[in-house]
Amino acid sequence: MQTIIPDLFDPPAIPWNEPIGDASLLLHGFVLAQEEALLAALRGVIAEAPFRKMQTPGGRPMSVATTSCGRLGWMTDRRGYRYVTGDPLRGQAPWPVMPPLLADLAGQAAALAGFPAFCPDSCLINRYVPGAKMSLHQDKDEADFSQPIVSVSLGLPAVFQFGGLARSDTPQRYLLTHGDVVVWGGPDRLRFHGVLPVRPGEHPRMGAQRINLTFRVAG
DNA sequence: CAGTTCCG
DNA sequence: CCGC
């Protein structure tokens, strides 16, 4: 005889929104309804501009692999962090066009969080294999901090750290799973944030990786 | 000399 | 370490 125990601790099946920081929002499952179209668009971008490992100004390789789409792409090398219009890996070729579906989803998420008319000109795409992480940092290479940041999580889960305006502020931790979107802006725009090392695992749709899309108005 | 999406 |  076996006892059936309900999965009381499974995440909710329907999307729900969670306030974070002072004026920001974690939208659980927001992109799931468009999952296949989103992944098809992402596949096209990666086929044109493949992932590559970049180096921090200190000369160390980042644990994530990176590419971009949109008019501007974020990059880092020994000379520092910056946005560029040409892909250094492909002879300064323009970055792939940002698929309209991606820009639309980011705009809709931003609007729900209270940031209407968000028109990103850059989408940074980071691939995390197990063990990859992102140390606490601020997104401050953009021209206009009145515009929010919109982050889409795909694949393996990760713990997102959302801190304060000083590096020393203890961050809050949020679990981000496949389909989640985080929007932060306004008074939260320059909060330190990061991702703890991704744990080994297998996602049924994405395999052994996490991919994060970060939409910005960079220029 | 400062900053650091890095490390210990 | 590098660019200011």
- Message: For the residue pair N126(A) / T66(A), report whether a side-chain donor-acceptor contact shorter than 3.5 Å exists.
- Response: yes
- Using the P atom on both, measure dC6(B) against dA2(B) and round to a whole Å. 23 Å
- Item | Interatomic distance, F160(A) CZ vs dT5(B) P [rounded to whole Å] | 15 Å
- Message: For dC7(B) and K133(A) - does any side-chain N or O of the residue sit under 4.0 Å from the phosphate oxygens OP1/OP2?
- Response: yes
- Determine the interatomic distance between P on dC1(B) and the same-named atom on dT5(B); round to the nearest Å. 22 Å
- Query: Can a side chain N or O of R79(A) be found less than 4.0 Å away from OP1 or OP2 on dG3(C)?
  - Reply: yes
- Has R82(A) got a side-chain N or O lying under 4.0 Å from the OP1 or OP2 atom of dC2(C)? no
- Query: W74(A) on top of dT5(B)'s base, within under 5.5 Å and under 30°?
  - Reply: yes
- Residues E18(A) and Y174(A): side-chain donor-acceptor under 3.5 angstrom: no
- Message: For the residue pair S151(A) / N212(A), report whether a side-chain donor-acceptor contact shorter than 3.5 Å exists.
- Response: yes
- Message: Does dT5(B) have OP1 or OP2 under 4.0 Å away from a side-chain N or O of T56(A)?
- Response: no
- Item | Set of side-chain contact (heavy atoms from CB on, under 4.5 Å) partners for L165(A), sequence neighbours left out | L190(A), R191(A)
